[in-house]
Structures are given as C-alpha cells and as structure tokens.
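Since this is a predicted model, take the numbers as computed values, not measurements. Sequence lines set the chain letters: A, B, ... in the order given, protein chains first and strands last, and positions in each chain run from 1.
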There are 2 protein chains.
Amino acid sequence: MKISTRSRYGLRLLIELARRGGGGPVLLSEIAGSQRISEKYLSRLVISLRGSGLVRSVRGAHGGYVLARPPGEISLREIIDSLEGGPYIIRCADDPASCPASPGCAARSVWGGLEKAMRDYCESLTLGEIARRGSLRPVKAGPKERA
Amino acid sequence: MKISTRSRYGLRLLIELARRGGGGPVLLSEIAGSQRISEKYLSRLVISLRGSGLVRSVRGAHGGYVLARPPGEISLREIIDSLEGGPYIIRCADDPASCPASPGCAARSVWGGLEKAMRDYCESLTLGEIARRGSLRPVKAGPKERA
DNA sequence: GACTAATACTACCTTTTTGGTAGTGTATGC
DNA sequence: GCATACACTACCAAAAAGGTAGTATTAGTC
C-alpha cells in the first residue's frame, strides 16, 4: 500500500516551488539537482501537475515552472489526486461495477471509510502550511535515497 | 497506493469466521468457495493471520480455522498489519535510515501524518463491529471480481 | 496401522506496476 | 538563427502482485 515515488517526488518539487515563490520560473534541472531526483523522471511527473492546474510552465530560455496558484490555496488532496489519480485505496470503493458485492458489503464499507479518513487528512493540509514546516532536506550530497 | 488483494481477501475470510463463531473449525475450501477466492491463495494468506495470533488452525480431518480471540478484541489495525506488514505508506516515515533527509523533513512529516490518520481509523474498528455490518456479499454465483 | 481429510510449506510462474532512460519535437529569448 | 528550456513518445528493466502446482505433515476414523 506504499505511496509511489511519483507522489513523493512531486510533493518535494512543489515544496521547492512554494519556497521560492516570486523569484520567477524555476528550472527543472535545479530542482532535480537539489533534490537528487532524475530530471527526466521529474519532467514527466510535472506534466500531471500542469494538467491539473497546479503549476504553470514557461518554455524557452529563462523558462521553468512556477506555482499556478498561491500555495495556501493548493491542498494536499489536489496534489495526490493529480499524481496518483483515481481512488486512493481500492477500486470498489468508488466503482461498484468492479466487484459483484452488494452495496451493503461490510468489507467495502471498511475500505470506503479508510479512503475517507485519508482524504479528510489530505484535504486539511495546504502546500503553504507544508512548505513552512522545518526543513525540506539537506540534499547537498549523499546517495539517492532508497524507496 | 492501492491495498492488495491480500488485505481484501484476508478481511473477508475473517468476517466469515467472525460470523460463524462457535460452530467449530471452518474449512478453507468453504470460505474460498463462498467468497469465490482461490483456495490455494487463501491458504497462503491465512498463514500470516495465524502467525499474528488472529486465527488458530486445526489440522487433519474435521480441521479448519477459527478465530483465536473474540472478534470484538481484534482491531482492523492488527489485521492490516498482519497482512500487509510494515509501514502502511512509506518507509522513511518509520525508518529514517532509508532516506538521507533531516528529521525535520517537511515531506516526511506529511506522509507520517497520513500514516497516522490511517492507523487511527484502523485502530478504532474491531472485527466484531465490521462483521455486524450489512451484508458481506452475495457470492452465490458470478465471476471472480476484478481488482 | 492404513486411509483419508485437512493444513503447512516450498518453489515456481505470469502479469502488472513502478521507476527510469533515450531521443526527438517545439516554443521562446537573445 | 542559435541556445535554452519544456513537451512528448517510445521503450526497457526491475520489482511486486497475484496465482498455481506439488509435496510434506498432522490428525482423526475405520
């Protein structure tokens, strides 16, 4: 049930953008470098974030990425929805057609409740609050982390 | 971030055991049949549940499985811990050595919070309550469900 | 004590997902 | 028009998920 590197890297990218707010577009290569993430891989992640209207891109020289909205107006839920897509936990919780169980299925109600608990947490956090927390990471040197 | 079939099948198995409580050991083949799950696969799942002390097994003729404790004393958290193992969401939330970030890492604190929200929900539910909910599933016929 | 019913265990296999790379295309500023 | 970025597509390798097969072991029953 682990979250994927997509969400983890994507959140770190957004935190960096939030912290540099106002300084003009940020190069992907800078973020990839400081966060020690593959630039190519990041460049694919960020497409989702742009598609969801969380970041804007500026092409060409002096280009890069900026947040599309103030960080205080971007919820963690939007971020995860954009990066993971679809239901968090289980298909049948959203899509009854995926399972022949009855609507009152006890197991389904358990997973639906878990899904809701997660969404509530994610809805309650904004990128602005997150970015103001402690450090992001040292990230001057050291190996790429393990999953 | 989906939960695996292990947890889903395992929960259904336990719900069945809870509902039949007191009737002696239940055959795995019965549960597999009524839930339309591969018996071989179930037989491997259930090893984890036995190892965690959630069910007891009786070998030989007239054998099967029974809950090791009253369903009201088995939390959903124990069930998921047994079936999924380890941290729910992310390694670094539990194991700082898995990532070179500082202890105050903002991203880590986000995932740690999500993990906690999930655990709190799971801790608050017991198998007894779950088993008393609506139906389990019709499961007389129909195809195996999709994931 | 043989036979049968059931779990216990090990080894393997296939499919899907994840994580990542390579290369080419395209817009923009100078 | 050239350098600098992002945009997009196609692939690929490793890991995890999901499942199957076969054998071993234990416990009742005659």
Short N/O separations, protein against nucleotides 26-28 of chain C, under 3.5 angstrom:
unit_1 : atom_1 : unit_2  : atom_2 : d
C:dT26 : O2     : A:Arg59 : NH2    : 2.8

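- Taking atom CE of residue A:Met1 and atom P of nucleotide D:dA17, one finds them 11 Å apart after rounding to whole Å.
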Can you check nucleotides 11-15 of chain C for protein contacts, nitrogen or oxygen pairs under 3.5 Å, and list what you find?
unit_1 : atom_1 : unit_2  : atom_2 : d
C:dA11 : N6     : B:Arg44 : NH1    : 3.1

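- Rounding to whole angstrom units, CD1 of residue B:Ile37 and P of D:dG19 are separated by 9 Å.
- Distance B:Leu42 CG to D:dG18 C1': 13 Å, rounded to the nearest Å.
- Residues satisfying the side chain to side chain donor-acceptor pair (under 3.5 Å) test with A:Lys40, not counting sequence neighbours, are none.
- Sorted by first then second residue, the ring pair (Phe, Tyr, Trp, His ring centres under 6.0 Å) pairs that include residues 22-64 of chain B, not counting sequence neighbours, are B:Tyr9-B:Tyr41.
- In this structure, A:Arg50 reaches the D:dA7 phosphate: one of its side-chain N or O atoms is under 4.0 Å from OP1 or OP2.
- Rounded to an integer number of Å, the gap from CD of B:Glu30 to C1' of C:dA5 is 13 Å.
- The side chain of A:Ser57 has D:dA7 as its nearest neighbour among C:dG19, C:dA8, D:dA7.
- The CG atom of B:Asp120 lies 12.0 Å from the CG atom of B:Leu125; values are rounded to the nearest 0.5 Å.
- Between A:Tyr41 and D:dC12 there is no side-chain polar atom (N or O) within less than 4.0 angstrom of OP1 or OP2.
- Remark: the B:Lys40 side chain and the D:dG22 base include a donor-acceptor N/O pair separated by less than 3.5 Å.
- B:Arg6 has its CZ atom 10 Å from the P atom of D:dG18, to the nearest Å.
- Helix-axis bend for the helix from C:dG1-D:dC30 to C:dC30-D:dG1: the local axis fitted to the five terminal pairs at one end deviates from that at the other end by 10°, rounded to 10°.
- Protein atom CD of A:Glu84 is 12 Å distant from nucleotide atom C1' of C:dT17, rounded to whole Å.
- For C:dG19, one of the phosphate oxygens OP1 or OP2 lies less than 4.0 angstrom from a side-chain nitrogen or oxygen of A:Thr5.
- The phosphate of D:dT4 has neither OP1 nor OP2 within less than 4.0 Å of any side-chain N or O from A:His62.
- Counting only residues at least two apart or on different chains, the salt bridge (Lys or Arg N to Asp or Glu O under 4.0 Å) pairs with a member in residues 69-82 of chain B are B:Arg69-B:Glu78, B:Arg77-B:Asp81, B:Arg77-B:Glu123, B:Asp81-B:Arg119.
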Does the pair A:Arg20 and A:Val66 meet the rule for a side-chain contact (heavy atoms from CB on, under 4.5 Å), with working shown?
-> CA-CA 9 Å; A:Arg20 302 197 189 198; A:Val66 286; over 6 Å; no
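- For the pair B:Ser82 (side chain) and B:Ser48 (backbone), a donor-acceptor distance under 3.5 Å is present.
- Between B:Ser38 and the phosphate of D:dT20, there is a side-chain N or O to OP1/OP2 separation shorter than 4.0 Å.
- Counting only heavy atoms from C-beta outward, the side chains of A:Arg12 and A:Ile37 approach each other to under 4.5 Å.
- For the pair A:Leu45/A:Leu13, no side-chain contact is recorded, criterion being any heavy-atom separation below 4.5 Å from C-beta on.
- B:Arg50 places no side-chain N or O within donor-acceptor distance of the main-chain N or O of B:Arg56, the cut-off being under 3.5 Å.
- In this structure, B:Tyr65 atom OH and C:dA5 atom P are separated by 17 Å, rounded to whole Å.
- Atom-to-atom, OH of B:Tyr9 to C1' of D:dT20 comes out at 14 Å; the value is rounded to the nearest Å.
- Not one N or O on the side chain of A:Lys116 forms a donor-acceptor pair closer than 3.5 Å with the backbone of A:Trp111.
- Residues B:Ser7 and B:Glu84 have side chains that bring a donor and an acceptor to within less than 3.5 angstrom of each other.
- Annotation for A:Ile89 and A:Glu115: closest pair N-OE1, 3.0 Å, computed over non-hydrogen atoms.
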